[in-house]
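First the structure, in the form of structure tokens, and then the observations on it.
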There are 2 protein chains.
Amino acid sequence: MKSSTIYDVAQAAGVATSTVSRAFSNPDRVGAVTREHVLEVARRLGYQPNPHARALVSRRTRTVAMVVSDITNPHFFELIRGAEMRAKASGYTLVLVNAEESPRIELEQINRLTRSVDGFLLAASRQPEEDLLQLAAGHRVVVVNRRVPGLASVVLEHAEGCRQMVAHLASLGHSSVVYLAGPRNSWTAASRWAAIRGAAAELGLHAQRMGPFAPTVASGGAAADAALTTGATAAIAHNDLLAIGVLRRLADRGVQVPADVSVVGFDDIFAADLCTPTLTTLGGAHADVGRAAVEILLNSMEHPRDHAPELVVPSELILRRSTGSARTGGRPDG
Amino acid sequence: MKSSTIYDVAQAAGVATSTVSRAFSNPDRVGAVTREHVLEVARRLGYQPNPHARALVSRRTRTVAMVVSDITNPHFFELIRGAEMRAKASGYTLVLVNAEESPRIELEQINRLTRSVDGFLLAASRQPEEDLLQLAAGHRVVVVNRRVPGLASVVLEHAEGCRQMVAHLASLGHSSVVYLAGPRNSWTAASRWAAIRGAAAELGLHAQRMGPFAPTVASGGAAADAALTTGATAAIAHNDLLAIGVLRRLADRGVQVPADVSVVGFDDIFAADLCTPTLTTLGGAHADVGRAAVEILLNSMEHPRDHAPELVVPSELILRRSTGSARTGGRPDG
DNA sequence: CAACACGTGGCAACCGTTTGCCGTCTTGAG
DNA sequence: CTCAAGACGGCAAACGGTTGCCACGTGTTG
């Protein structure tokens with residue numbers, strides 16, 4: 001199963017290796033008839049360029065890495081899928097890296113891969129901002145669902161989304177909401193809280209924050225209990241996983257949702273439409289986010305001088321059964 | 001940000017490049033004090049070996065590819081996670097490939113990657129058996145959740161699991177079950193049906209098969225309708241996604257689960273515990289499957305002559321609310 | 001008709017490692 | 001004291017491409 005090389009092809013075609021190389025990687029550089037002949041011979045020999053040899057000199061690997069804070073979180077599936085498909089469409093390979101919610105592991109893995117990939121997609125990175133900037137000085141980087149001044153980024157809109165969310169609650173008669181915050185170093189957690197607080201102030205609601213909580217179902221218990229102590233009639237969980245955990249705990253404690261308290265989440269994961277009651281949540285086209293991130297990365301390789309774009313993908317408030325009129329047990333008006 | 005090479009280290013340390021190389025990749029081959037000195041200098045210079053140069057000559061890339069039939073299926077998340085973690089633990093990188101349920105794309109991607117990875121994990125491959133054998137002749141391959149004579153494989157046990165499942169239904173008084181089959185070229189679909197039919201015969205139940213259906217929620221509607229036409233009181237769906245779709249459709253049609261018909265799935269995905277009613281399903285440690293698959297692959301690289309192992313990871317029947325006494329509306333006895 | 005610009009193909013250096021082979025220096029045995 | 005056997009380090013040839021530069025032939029221009 002010895003695979004054929006550029007040399008075999010060159011010899012069989014009666015040309016120099018440089019011609020074979022160019023026939024593949026720079027077709028315009030060789031005459032049409034020579035090129036066709038070379039390609040034909042190559043096909044016959046089953047020649048396939050060796051990506052490592054190629055990468056060694058050209059310094060392009062046609063591979064991008066996507067680092068996610070936690071591979072277990074269903075929220076990332078769509079993101080990953082979108083990224084994978086877009087990468088494949090351009091003949092790129094997607095390497096998946098799980099940071100396990102640890103900035104240290106995240107950094108370690110990035111360093112391990114620097115020589116093997118053309119760029120990084122950093123999804124929900126937990127790195128401090130300055131570390132990201134430093135990273136970006138050495139590598140091509142697109143941050144996803146986080147915004148860092150000066151870096152290319154793609155985020156799912158959530159300022160306006162949070163506003164709509166709070167407005168939705170306000171219209172249902174809620175006057176006090178609590179935000180069950182995500183991890184301390186999560187950019188989205190900070191950003192969402194700011195938006196929620198702003199919208200609440202604007203609409204005359206009382207807003208407070210509890211946490212931080214891990215964005216998992218398991219943390220939902222503590223989050224639910226914390227929410228209840230505040231007396232708020234509506235709880236906005238940092239993500240759907242946490243919200244589902246909250247729902248469970250409330251059910252266990254005999255608290256009715258949405259009659260006694262309304263619950264909302266973020267991400268619109270698959271399970272949000274299955275839990276009881278179904279979950280009102282801020283969703284959006286996560287696959288588009290992944291797709292766009294890869295696209296920006298690929299683009300930045302061709303036009304390195306461009307200004308780093310900051311893309312915002314629209315979100316969408318999905319009304320389901322977990323929100324209702326404050327303390328009256330009504331149904332959502334959606 | 002020009003990165004330092006083995007040559008820089010050699011010069012700074014006053015040794016030959018071969019010594020630097022060996023200090024990293026074959027430590028026993030150099031004297032202890034020289035080695036320490038070299039490593040120290042390397043650290044000071046921030047040297048990191050170039051994986052492509054390394055792969056070019058050594059023919060080892062320290063990368064494995066995992067090909068999944070559909071990256072969107074939550075069932076794979078655990079599998080992927082287990083594989084990723086095991087790979088990382090040995091300093092390997094995991095490349096994720098989505099076959100989009102298409103044997104053609106699957107093959108294309110495999111060919112694209114042959115030169116860049118040390119081996120393949122083929123999860124729920126849709127390839128015909130002979131193609132897999134041919135593939136395995138040229139590459140290191142471990143098939144996951146499929147068994148192919150002569151190839152290394154890891155599967156989540158399901159023959160015994162199906163038996164338990166049928167026994168569970170029998171004990172609830174069901175006398176007729178229908179298997180809502182997965183894709184035509186799915187090995188698990190065939191294998192499960194065989195096990196179900198065998199167990200049913202053994203226990204005196206009537207079993208029939210409908211389908212094939214795509215293993216998605218969307219296909220659940222058709223599957224539910226097909227199940228109802230059979231008059232069976234219990235439906236075994238090819239996976240949880242399909243089962244959830246069935247649950248939805250039955251609810252829409254006003255059919256009570258489990259009072260009128262019991263439903264069971266496979267995989268125990270996260271959502272199985274959230275849907276209404278919660279889903280009885282055959283689960284298991286999917287992460288262990290992924291972990292084991294990587295382990296076998298890595299092992300096979302060190303001992304290429306070994307017989308291809310066929311590992312079976314135990315499964316576990318999870319009883320929830322979607323199964324109950326036949327036509328009486330009882331609750332599960334678990 | 002000379003001068004020149006292109007369009008093509010070949011030559012050879014280089015990318016950063018690994019590794020077979022060789023030479024030297026120790027060391028311990030006879 | 002001699003000699004064989006390691007142990008250790010260095011030399012240089014791969015690995016399989018890419019790419020700057022040169023040479024040659026032809027068509028165009030003044």
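- Side-chain atoms of Arg22(A) come within donor-acceptor range of the base of dG10(C), with a qualifying N/O pair under 3.5 Å.
- One interatomic measurement links the two molecules: CD of Gln11(B) to P of dG16(C), which rounds to 14 Å at whole-angstrom precision.
- Contact annotation for Val15(A): backbone-only contact, meaning every heavy-atom pair under 4.0 Å involves sugar-phosphate atoms and none involves a base.
- A donor atom on one side chain and an acceptor atom on the other are not found under 3.5 Å apart for Arg146(B) and Ser186(B).
- For the pair Phe24(A) and Val57(B), both in contact range of DNA chain D, the more 5′-proximal nearest nucleotide belongs to Val57(B).
- Between the P atom of dC11(C) and the OH atom of Tyr7(A) lies a distance of 12 Å, rounded to the nearest Å.
- Taking 4.0 Å as the cut-off between side-chain N and carboxylate O, Glu100(B) and Lys88(A) count as a salt-bridged pair.
- Rounded to whole angstrom, the span from the CG atom of Asn50(B) across to the C1' atom of dC15(D) amounts to 13 Å.
- At a threshold of 4.0 angstrom between heavy atoms, the contacts of Ser18(A) include nucleobase atoms, whether or not backbone atoms are also involved.
- Using a 4.0 Å cut-off between charged nitrogen and carboxylate oxygen, Glu295(B) and Arg291(B) do not count as a salt-bridge pair.
- Judged by distance alone, the side chain of Asp118(B) and the main-chain N or O of Val64(B) form no donor-acceptor pair under 3.5 Å.
- Between Phe120(B) and His139(B), the ring planes are perpendicular. Angles over 60° get that label, and only those under 30° would be called parallel.
- In this structure, CG of Leu56(A) is placed 9 Å from P of dC15(C), rounded to the nearest angstrom.
- Atom C1' of nucleotide dG9(D) and atom CD of Glu36(B) are separated by 17 Å, given to the nearest angstrom.
- Going from atom CD of Gln48(A) over to atom P of dG16(D) covers 14 Å, rounded to whole Å.
- Here Thr19(B) reaches the OP1 or OP2 of dG10(D): one of its side-chain N or O atoms lies under 4.0 Å away.
- The side chain of Ser21(A) contributes no N or O atom lying less than 4.0 Å from OP1 or OP2 of dG17(D).
- OP1 or OP2 of dT18(C) has not a single side-chain nitrogen or oxygen of Arg59(B) nearer than 4.0 Å.
- When rounded to the nearest whole Å, the span between CD1 of Ile6(B) and C1' of dC11(D) equals 14 Å.
- Looking at Arg29(B), its side chain comes within 3.5 Å of the base of dG9(D) through a donor and an acceptor atom.
- Interface remark: the Thr34(B) side chain does not form any donor-acceptor pair with the dC8(D) base, using a distance-only criterion of under 3.5 Å.
- Between the CG atom of Leu45(B) and the C1' atom of dG16(C) there is a distance of 15 Å, rounded to whole Å.
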